[in-house]
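Throughout, a chain's letter reflects where its sequence line sits, starting with A, and its residues are numbered from 1.
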Amino acid sequence: MTDGSARVRIAPSPTGDPHVGTAYVALFNRTLARQTGGQFLLRIDDTDRTRYQASSEQKIFDALRWLGLDWDEGPDLGGPCAPYRQSERTDIYQQRVDILLNSGCAYRCFCSAETLAEAREIQKKNKMRLGYPGTCRDLDPTEARQRAAKEEPHVIRLRVPDEGQTAFVDQIRGEIRVDNSEIDDQVLIKTDGFPTYHMANVVDDIEFGITHVVRAEEWLISTPKHVLIYQALGQSLPKFFHVPLLRNADHSKISKRKNPVSLDWFREQGYLKEAILNFLALMGWSPADEQEVFDLDRFQQEFNIEKISTGAPVFDLVKLDWLNGMHIRKMDPQALLQRLDEEGFLPPGVSCQDAAPILPLVTERMVRLSEFCDRTDWYFGEPAAPTADQLIPKKGTHETSRMALAGALQLLADVTTFEAAFIEPVLDQILDQNSLKKPQLFMPLRWALTSRQDSPDLIEVIMVLGKDRALDRISRALEILVNTP
RNA sequence: GGCCCCAUCGUCUAGUCAGGUCUAGGACAUCAGGUUUUCAUCCUGAGAACAGGGGUUCGAAUCCCCUUGGGGUCACCA
């Protein structure tokens with residue numbers, strides 16, 4: 001499928017929180033590089049100075065590293081093609097655009113943004129084709145150069161042929177062919193001297209020796225523009241792969257209005273990086289053996305980028321929740337403990353060692369790591385006392401609960417070894433002596449010990465709490481019950 | 001609106017390229033059971049889809065055309 005090693009890249013813009021779409025595309029790019037023994041580069045696309053956010057870059061680095069999607073060359077690592085920040089490469093773009101200017105493939109345009117906006121309004125009103133009217137297309141190059149020399153504000157545009165077609169092969173979708181008349185004379189260099197995405201992207205991909213361009217489908221239709229730039233620069237084309245765009249539930253392009261899209265959010269919610277990667281991998285791809293829970297290694301072994309589906313996947317968190325639970329349960333307890341600690345989900349002041357005894361009781365109940373504190377608050381702290389109502393189960397009465405708690409208090413006091421083998425018979429004995437049904441004993445006890453309805457296995461709760469704490473809570477509950485008629 | 005892309009259960013998908021093995025498979029979710037002291041885990045089962053219409057063919061989810069629907073894009077944003 002892919003001859004030789006793939007040199008690939010992602011080029012996120014530092015304009016906000018690290019986006020889940022960036023991780024999605026990074027996953028495929030990096031995997032392709034790893035599969036072929038190539039390199040995965042990170043380039044920062046910071047040519048839009050108006051939307052630039054200084055803090056964003058580091059957040060992108062952190063989020064991708066957190067996911068394990070590390071890169072081989074980038075702004076922070078350096079590399080043979082440095083610099084990797086587009087704002088630091090303006091002279092390189094200028095050199096290339098000079099070539100285009102000299103060959104006549106590009107020209108200077110002095111129209112102001114306002115003028116063009118007005119023109120567009122008129123086009124809209126008259127239902128004409130929207131686009132650059134070509135005002136400066138045939139300006140005398142010498143005159144244009146002189147005006148530019150006098151620092152008259154201008155942009156540089158690509159001269160797109162009026163006729164003919166531009167075609168390229170998308171490795172996922174096949175040949176894409178567009179009439180040149182549909183393609184506007186693209187701005188290559190903006191008035192502020194910074195390149196547009198189209199220009200910077202193509203020049204950098206050439207300079208970096210990118211062999212496979214793997215990016216989201218939203219770029220599919222602008223690829224002919226890029227092809228035209230490659231051609232004008234006399235360069236051969238990389239292979240293009242346009243992967244499907246993640247969607248909101250209403251099938252529109254994923255957006256933060258309708259979906260959580262910040263990788264930071266997923267991290268704060270207690271999603272495992274393994275689950276996120278697994279989930280993202282499942283968007284457009286599925287393993288041959290239908291075993292949907294897998295790790296990055298197995299994904300790398302089996303993934304074939306050409307097999308990505310062409311449909312548009314809806315980003316549905318419900319399945320991610322399931323995957324997260326599966327990955328939590330798959331983890332080694334020690335590793336899970338450490339992860340809980342690293343991600344800041346242990347209660348304040350609680351160490352891995354402190355949490356070790358309680359962890360096995362809650363792993364099968366956790367969907368997100370963030371639930372750990374809530375599910376174990378009865379163990380690490382003193383929970384609010386249960387009410388009498390809570391101590392009386394549906395199938396019980398005030399009297400059955402009283403007998404249950406009193407029995408437990410009395411018989412458990414005699415148990416010297418707090419282990420399952422000793423506790424279980426005691427519970428049976430309480431049942432027998434008072435002719436209680438199981439729920440009539442277990443539910444009051446559960447509320448007494450944990451102050452919640454959905455606790456782990458009761459015997460394990462009793463063991464982990466220890467004799468003193470268990471008896472204290474039972475007697476506290478009994479008191480509440482007795483004092484409430 | 002022009003252009004481009006896409007179209008299998010509610011959702012993610014297998015099957016489409018090389019038409020028959022598809023009375024369309026799996027997973028999530030839902031529902032119903034089972035295990036069970038609650039919750040959860042786990043197990044079993046059920047319902048649930050080839051957008052529509054024309055072709056081509058002995059035979060179409062698979063190939064072709066049209067329609068419909070959805071999306072993307074038409075910026076000195078990426």
Side-chain angles (χ1 to χ4, degrees), chain A residues 11-13 15 45-48 50-51 86 109 111-113 116-117 120 123-124 127-132 153-157 170 172-174 176-179 181-184 186-198 200-201 215-224 242 244-245 247 249-253 279 282-293 306 309-323 325-326 329 361-367 375 393 427 431 437-447 450 452-459:
Chain A
S13 290
T15 55
D45 195 342
D46 56 352
T47 54
D48 183 351
T50 59
R51 290 204 301 158
Q86 292 186 323
C109 168
C111 300
S112 71
L116 293 175
R120 202 160 26 240
Q123 286 169 344
K124 251 184 210 169
K127 298 194 172 173
M128 293 160 65
R129 217 186 81 71
L130 267 37
Y132 175 63
H154 66 284
V155 301
I156 297 172
R157 287 182 184 273
D170 181 86
I172 296 169
R173 288 154 214 277
I176 308 291
R177 182 175 289 276
V178 175
D179 287 344
S181 59
E182 294 291 331
I183 307 174
D184 235 12
Q186 289 305 302
V187 171
L188 265 19
I189 304 285
K190 299 182 269 190
T191 309
D192 64 4
F194 281 92
T196 58
Y197 170 84
H198 304 300
N201 162 68
R215 69 202 341 175
E217 193 189 345
E218 57 186 328
W219 296 109
L220 187 70
I221 197 63
S222 40
T223 305
H242 289 93
L245 212 43
R247 308 299 179 122
D250 64 4
H251 295 101
S252 58
K253 173 161 106 172
F279 178 61
L282 250 14
M283 304 262 100
W285 181 82
S286 66
D289 62 1
E290 297 185 326
Q291 180 50 54
E292 294 190 341
V293 182
E306 294 184 352
S309 60
T310 46
V314 170
F315 193 80
D316 182 2
L317 260 18
V318 176
K319 192 154 185 174
L320 174 60
D321 279 338
W322 170 73
L323 277 171
M326 294 301 281
R329 266 156 251 136
L361 311 210
V362 295
T363 43
E364 75 189 28
R365 292 169 178 79
M366 275 201 290
V367 172
R375 290 195 176 279
L427 296 181
L431 253 19
K437 293 191 165 63
K438 281 183 172 183
Q440 294 173 325
L441 168 62
F442 286 98
M443 286 317 288
L445 217 39
R446 183 181 316 284
W447 273 103
T450 66
R452 60 189 296 154
Q453 185 158 6
D454 58 337
S455 87
D457 178 88
L458 245 202
I459 292 172

Worksheet entry | Nearest-angstrom distance, C1' atom, B:A60 to B:C22 | 11 Å

### Query
Under 3.5 Å, side chain of A:T363 to main-chain N/O of A:R329, donor-acceptor pair present?
no

Pairwise P distance for B:C9 and B:G2, with rounding to whole Å:
28 Å

Report which part of the nucleic acid A:D321 touches: base, sugar-phosphate, or nothing (heavy-atom distance under 4.0 Å, all strands). nothing

message: Categorize A:G284 for me: base, sugar-phosphate, or nothing, with a 4.0 angstrom heavy-atom threshold over every strand shown.
response: sugar-phosphate

Closest non-hydrogen atoms of A:R365 and A:L361, given as atom of the first, atom of the second and distance, are NH1-O, 2.9 Å

B:C28 -> Watson-Crick or G-U wobble partner, both distances under 3.5 Å, gives B:G10

A:H198 NE2 to B:A75 P, in whole Å, measures 9 Å

Rounded to whole Å, the CD-P distance (A:E292 to B:U13) equals 10 Å

- Given the P atoms of B:G20 and B:G33, what is the spacing between them in whole Å? 41 Å

- Looking for any heavy atom pair under 4.0 Å, which part of the strands does A:V187 touch: base, sugar-phosphate only, or nothing? sugar-phosphate

I'd like the P distance from B:A7 over to B:C63, given in whole Å. 10 Å

**Message:** Using the C1' atom as the point on both nucleotides, what is the distance between B:U41 and B:C4, in whole Å?
**Reply:** 48 Å

Here the distance between atom P of B:U35 and atom CD of A:E364, to the nearest Å, is 18 Å

Base, sugar-phosphate alone, or nothing: which one does A:L458 contact when heavy atoms must sit under 4.0 Å apart?
-> base

The reported gap from CD in A:Q440 to NZ in A:K438 (rounded to nearest 0.5 angstrom) is 13.0 Å

The Watson-Crick or G-U wobble partner of B:G20, with both key distances under 3.5 Å, is B:C58

Is any side-chain heavy atom of A:W219 closer than 4.5 Å to a side-chain heavy atom of A:L245?
no

Practice prompt. Spell out yes or no: do the side chain of A:R173 and the base of B:C5 have one donor N/O and one acceptor N/O closer than 3.5 Å?
Written response: no

Any ion pair linking A:R375 and A:D454 (charged N to carboxylate O, less than 4.0 Å)?
-> yes

pair_partner(B:G2), Watson-Crick or wobble, both distances < 3.5 Å, evaluates to B:U73

Separation of B:A29 atom C1' from A:F279 atom CZ, nearest Å, is 13 Å

Original post:
When you check the phosphate oxygens OP1 and OP2 of B:C12, does a side-chain N or O of A:S286 lie under 4.0 Å from one of them?
Top reply: no

Shorter than 3.5 Å, N or O on both sides, protein versus nucleotides 66-72 of chain B: list them out with atom names.
{"from": "B:G71", "atom 1": "O4'", "to": "A:R247", "atom 2": "NH1", "distance (Å)": "3.4"}
{"from": "B:G71", "atom 1": "O3'", "to": "A:R247", "atom 2": "NH1", "distance (Å)": "3.4"}
{"from": "B:G71", "atom 1": "O2'", "to": "A:R247", "atom 2": "NH1", "distance (Å)": "2.3"}
{"from": "B:G71", "atom 1": "O2'", "to": "A:R247", "atom 2": "NH2", "distance (Å)": "2.8"}
{"from": "B:G72", "atom 1": "OP1", "to": "A:K253", "atom 2": "N", "distance (Å)": "3.0"}

Heavy-atom nearest pair, A:A200 first then A:T47, reads CB-CG2, 4.4 Å

Kindly indicate, with the supporting measurements, whether the criterion side-chain contact (heavy atoms from CB on, under 4.5 Å) is fulfilled by A:V187 and A:Y132.
CA-CA 10 Å; A:V187 171; A:Y132 175 63; over 6 Å; no

note: A:M283, atom CE; B:A27, atom P; distance rounded to Å ~ 17 Å

| message | Looking at A:K319 and B:A29, is any side-chain donor or acceptor paired with a base atom of the opposite kind under 3.5 Å? | response | no

Between A:Q123 and A:R129 the two heavy atoms that sit nearest each other are CD-O, 3.5 Å

Using a cut-off of 4.0 Å on non-hydrogen atoms, how would the nucleic acid contact of A:R215 be classed: base, sugar-phosphate, or nothing?
-> nothing

Whichever of A:S309 and A:I172 has the more 5' nearest nucleotide on RNA chain B, that residue is A:I172

note: A:Y132, atom OH; B:G2, atom P; distance rounded to Å ~ 26 Å

TODO: For B:G52 versus B:U62, give the span between their P atoms, rounded off to a whole number of Å.
DONE: 10 Å

Q) Base, sugar-phosphate alone, or nothing: which one does A:S13 contact when heavy atoms must sit under 4.0 Å apart? A) sugar-phosphate

Looking only at side-chain N and O atoms, does A:T196 come under 4.0 Å of OP1 or OP2 in B:A75?
-> no

ask   = For B:A75, does either OP1 or OP2 sit under 4.0 Å from a side-chain N or O belonging to A:K190?
value = no

Pick base, sugar-phosphate or nothing for A:P244, based on heavy-atom distances below 4.0 Å to the nucleic acid.
nothing

**OP:** Check the angle between the aromatic planes of A:F315 and A:F279 and answer parallel, tilted or perpendicular using the 30° and 60° thresholds.
**Re:** perpendicular

Item to complete: Sticking with atom P, work out how far B:G25 lies from B:A48, rounded to a whole angstrom.
Response: 11 Å

With rounding to the closest Å, how many angstrom separate the P atoms on B:G10 and B:U21?
24 Å

Closest to the side chain of A:V314, out of B:U11, B:C6, B:C76, is B:U11

Rounded to whole Å, CE of A:M326 lies from C1' of B:A29 at a distance of 15 Å

Heavy atoms of A:P244 and A:G311 approach each other most closely as CB-O, 3.2 Å

A:E290 atom CD is separated from B:G15 atom C1', nearest whole Å, by 10 Å

Picking from B:C39, B:G2, B:A78, the nucleotide nearest the side-chain atoms of A:E182 would be B:G2

- A:R120 side chain N/O closer than 4.0 Å to the phosphate oxygens (OP1, OP2) of B:A75? yes

By nearest-nucleotide position on RNA chain B, the 5'-leaning member of A:T47 and A:P439 is A:P439

